[in-house]
S.K.: 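Mind having a look at this structure? Questions to follow.
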Amino acid sequence: MVATKTVLSLHRPLVLSTLLTTKRNSTILLLSTSTAKPTQQLAPNSAAAEAELAHYIKHLDSCIRSKSYAQAKNIHQQILASNANTATHIPDPLLLEKLVVLYSQCNETEHARELFDKIPQPNVFLWNAMIRSYSWNGPFDRAVALFRRMVSRGVAPNKFTFPFVLKACSALLSLEDGVEIHDRARRAGLESDVFVATALIDMYMKCGRLDEPRRVFSTMERRDVVAWNAMIAGFSLHGLYEEVTRFLLAMQRDGIDPNASTVVAVLPVVGQHKALRQGKSIHCFCIRRHIHRDDVLVCTALLDMYAKCELLGYAQRTFDSMRFRNEVTWSAMIGGYVLCDEIAKGLELFEQMVVDGASNMGSTSLACALRACARSGNSGRGRWIHCYSVKFGFLTDTTVGNSLLSMYSRVGSIDDALQFFSEMRTRDTVSYSAVISGCVQNGNATEAFSVFRKMQFTGVEPDVATMVGILPACSHLAALQHGKCSHGSVIVRGFASDVSVCNSLIDMYAKCGRIELAREVFDRMADPDTVSWNTIIAGYGIHGLGTDAVSLFRTMEDSGSSVPDGITFVSLISACSHSGLVAEGKHWFGAMTRKYNVVPRVEHYICMVDLLGRGGLLEEARGLIRNMPLEPDVRVWGALLGACRVHKNIEMGEEASRIIQSAGPEGTGSFVLLSNMYNAAGRFDEAARVRVVQREQGFRKSPGCSWVEIGGVVHAFVGGDGSHPESSSIYEKLENLSVEIRRLGYRADTSFVLHDVDEEEKERALLYHSEKLAIAFGILSLGRDVPILVTKNLRVCGDCHAAIKFITLAEKRAITVRDASRFHHFKDGECNCGDFW
DNA sequence: CTAGGGTTAG
């Protein structure tokens, strides 16, 4: 491009002579006179040059018309290189026009713009070409800016200008610009022009307004397929299945035949609604009209529709029958398998693509395949795709990069995710969000905060998903101050009415011990969805407020707007379980199937076993497992084992643990329980053996850890922790407390100690449990009137539970402990869980 | 026509 510039200016003097003789466009004169220098080379052959140029232009024009862009560019190069006749280097106005059109059509927008800017007074045609180029390739705001400049220069936009600039508005989702341009079109009397009106419909639809398209559509002087398609595509975009079918029928009644684009516009919403019958009839329509045979778009849309309807056989058959496939075809098919949980087949297809469809490989296909890896936990394949992306240059693509981040976090390799994240060249909001939620999912909420801070520092704007990602980090840490801060941020950014954000806020407040604030957020919601109800019900559950959870469920029923799902009943039954409402829980378990058509899944049996087990009905729990229609997995037996441990039923516990052990490595989470069980039974060798097996199989027991937020800073402790700067005073406080509570009647229950050590040692180990450290620090740091909330990642140990009750007496203050199961509100020597947790 | 990050339970 620099070269072009040089050439043009070098030969500028010639322009004058040529133009003076041809007088094609006097404006060029103005351009050139200011910089005109004495010529070193006159143009004796200007007539010949002119002829040659004319020849080139004609050739160029015909190439552009026949869309032979490569050839056209070639001609441009010839003109540039043609030293034989220097006159051909001139910025001839007609040549410039052709070149602007050429490069704008080739989507080399910048190049086109450079040439465009050399034309002092472009005509409408050129403005349109330039605006069109921006509206296709972006930057879209430039199309709008150019439109404005065009208008201010007094050039009247025509019926081609409006569609182009409106397309840019839809890309920008800028309703404001769109409305302004609509106004101009109206004043220009072009509002009901078929092209303009269609573009208006499209723009309004994309910007989320459905009333205006209907109005514009009704005022149109005539409606062609494209206009109908715009309406249908718009409704399809908003998932309005009924409207789509209504317009589809109306269109045919109006004598307009649906075409391939119609079909392509309709099928996504058909798939979305799993309207298989409709989908099949569209398929038939395609066959009748011969519009699907080699149309990649139609076939891909059909394939996708079948996949969304979970008819993978039909999808695959459509896929196989296609003579031509593109990236979308492959991606849709792979994505279909992933959607239907046929992960292995999805990966298989990806492998086939690597062999047979490599030319179609693109970032979307890679993203689909990476999603499959993430879902299957197949980190090997994921890494392979990482390598593939490096090899074939896909790594710079943010979609691929973000998929990799997600894949690594989903398979548990958060370190790899962080490593890759640090190496990424461009990190957008999605990248940050992926890493933040990745950290939280992998249990590292602190890291999530640090990434979040870095994000704000870098100036990448958080969006709704980012906030939904960071709020669980607050929930996890029970970091109320961080949570409130995030809530503030949510309000400032205008996300406060987003349903998912509210759901996360409800969860955050509930888990930070402020159930009343959770309720407030819930009550303010315009229309809570099922997740909202589930979250608030579970919130009451973990606070031991089972009765409130049940009454809330009844309200949900009455409201009728959200239908209870499987998770609702998990939340409800476990709420009953945490409050000892055994009969109530049983009732809802029965009603679940009878009244709500929710098929019990393993999760529900886990809750039931937990409910019965905690209530001491161990036999009944075991009976339930034996009679359950599903295969009980290790988690079910784990729930029984947990109950056996609480109720110290060694025999049944052993039975449960045998079954869990026979399941092999699957029983990861149960290792801890099992080991604790043996420890509680005094069988330290067996307990140790379990831990060895566990280690051999590569499972690390997450260490018991407790934390407390003081002034917005989370202080974490592990058992026997000496790393805290205040350690010496914490231990001193604990020693004093130990004396005090003993005086009040506390006796250590050493059966909770995990190691085979002598009694005195055991007592010391108990004294330094992480929850006690955090509590001691809380007492030291917080004023008497400030409530103490300590969070523990595992269940609070039984000895600590007993000790904390005495501590509330000794210190005359309330203490709240949130463990893996629920909140324990300790006060005046009692706990609201009633020793039932 | 496809595709990247997100909420609820145990």
Side-chain angles (χ1 to χ4, degrees), chain A residues 260-261 263-268 271 295-305 307-308 325-336 338 360 362-371 374 397-407 409-410 428-438 440-441 462-472 475 498-508 510-511 529-539 541-542 565-575 577 601-607 609-610 635-636 638-639 642 669 820-821:
Chain A
S261 304
V263 170
V264 170
V266 170
L267 283 171
D295 190 317
V296 188
L297 265 69
V298 170
C299 289
T300 305
L302 281 169
L303 176 166
D304 180 59
M305 182 273 296
K308 296 251 160 68
R325 298 180 190 121
N326 63 16
E327 189 196 343
V328 183
T329 317
W330 286 94
S331 305
M333 196 62 235
I334 297 172
V338 177
N360 290 320
S363 46
T364 309
S365 324
L366 290 169
C368 287
L370 282 168
R371 203 181 161 77
D397 185 297
T398 25
T399 301
V400 173
N402 295 339
S403 302
L404 279 166
L405 289 175
S406 163
M407 182 277 295
S409 8
R410 296 278 277 274
D428 60 7
T429 304
V430 177
S431 326
Y432 278 97
S433 308
V435 171
I436 288 170
S437 52
V440 179
Q441 281 153 14
D463 65 4
V464 165
T466 318
M467 298 316 288
V468 173
I470 196 71
L471 280 165
S475 307
D498 183 274
V499 180
S500 299
V501 169
C502 289
N503 295 346
S504 303
L505 282 169
I506 296 170
D507 184 61
M508 183 276 292
K511 295 218 174 109
D529 64 1
T530 303
V531 175
S532 322
W533 288 98
N534 295 352
T535 311
I536 189 75
I537 290 174
I542 58 175
D565 64 4
I567 295 176
T568 315
F569 288 97
V570 173
S571 306
L572 184 62
I573 297 168
S574 63
S577 174
R601 298 192 309 158
V602 182
E603 281 78 7
H604 300 104
Y605 283 95
I606 297 169
C607 290
V609 170
D610 194 52
R635 295 170 304 165
V636 180
S821 151

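Below, chains carry the letters A, B, ... as their sequence lines are ordered, and counting in each starts from 1.
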S.K.: Looking just at side-chain N and O atoms, do A/Asp463 and A/Thr429 make a donor-acceptor pair shorter than 3.5 Å?
M.R.: no
S.K.: Any heavy-atom pair between the side chains of A/Val430 and A/Thr398 that's under 4.5 Å?
M.R.: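 No - every pair of side-chain heavy atoms lies 4.5 Å or more apart.
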S.K.: Under 4.0 angstrom, heavy atoms only, what part of the nucleic acid is A/Thr535 near: base, sugar-phosphate, or nothing?
M.R.: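 The residue A/Thr535 makes sugar-phosphate contact but no base contact.
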S.K.: Counting any heavy atom closer than 4.0 Å, what does A/Asp428 reach on the DNA or RNA strands: base, sugar-phosphate only, or nothing?
M.R.: base
S.K.: Heavy atoms only, 4.0 Å cut-off, all strands: where does A/Val264 land among base, sugar-phosphate and nothing?
M.R.: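 Contact class for A/Val264: sugar-phosphate only.
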S.K.: Which part of the nucleic acid, if any, lies within contact of A/Asp397, taking any heavy atom under 4.0 Å across all strands shown: a base, the sugar-phosphate backbone alone, or nothing?
M.R.: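 If one applies the 4.0 Å heavy-atom cut-off, A/Asp397 turns out to touch nothing in the nucleic acid.
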S.K.: Assign A/Val499 to base, sugar-phosphate, or nothing according to its heavy-atom contacts below 4.0 angstrom with the strands shown.
M.R.: nothing
S.K.: Just checking A/Thr530: base, sugar-phosphate only, or nothing, at a heavy-atom cut-off of under 4.0 Å?
M.R.: nothing
S.K.: From the options A/Val298, A/Asp304, A/Thr300, select the one residue that forms a side chain to side chain contact (heavy atoms under 4.5 Å, CB included) with A/Leu302.
M.R.: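 Single pass found, and it is A/Val298.
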S.K.: Given side chains that start at C-beta, do those of A/Asn503 and A/Asp529 come closer than 4.5 Å, heavy atoms only?
M.R.: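 With C-beta onward as the side chain, the pair touches.
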S.K.: Could I get the full list of ring-ring contact (aromatic ring centres under 6.0 Å, His included) partners for A/Tyr432, not counting sequence neighbours?
M.R.: A/Phe421
S.K.: Base, sugar-phosphate, or nothing: which does A/Ser431 touch, judged by heavy atoms less than 4.0 Å apart?
M.R.: nothing
S.K.: Which part of the nucleic acid, if any, lies within contact of A/Ile567, taking any heavy atom under 4.0 Å across all strands shown: a base, the sugar-phosphate backbone alone, or nothing?
M.R.: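 Contact class for A/Ile567: base.
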S.K.: Have a look at A/Ala434 and say if it touches a base, only the backbone sugar-phosphate, or nothing, with a 4.0 Å heavy-atom cut-off.
M.R.: sugar-phosphate
S.K.: Using 0.5 Å steps for rounding, measure from the OG atom of A/Ser406 to the CZ atom of A/Arg371.
M.R.: 7.0 Å
S.K.: Between which nucleotides of DNA chain B, read 5' to 3', does contact with chain A run, using atoms under 4.0 Å from its heavy atoms?
M.R.: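 Terminal contacting nucleotides, 5' to 3': B/dC1 to B/dG10.
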S.K.: For A/Ser500, answer base if it contacts any base atom (sugar-phosphate contacts may also be present), sugar-phosphate if it contacts only those atoms, and nothing otherwise; contact means non-hydrogen atoms under 4.0 Å.
M.R.: base
S.K.: Under 4.0 Å, counting only non-hydrogen atoms across every strand here, what does A/Asp295 touch: a base, just sugar-phosphate, or nothing?
M.R.: nothing
S.K.: Scan A/Thr329 against the nucleic acid and name what it touches under 4.0 Å (heavy atoms): base, sugar-phosphate only, or nothing.
M.R.: nothing
S.K.: Is the shortest side-chain heavy-atom distance between A/Cys299 and A/Asp295 below 4.5 Å?
M.R.: no
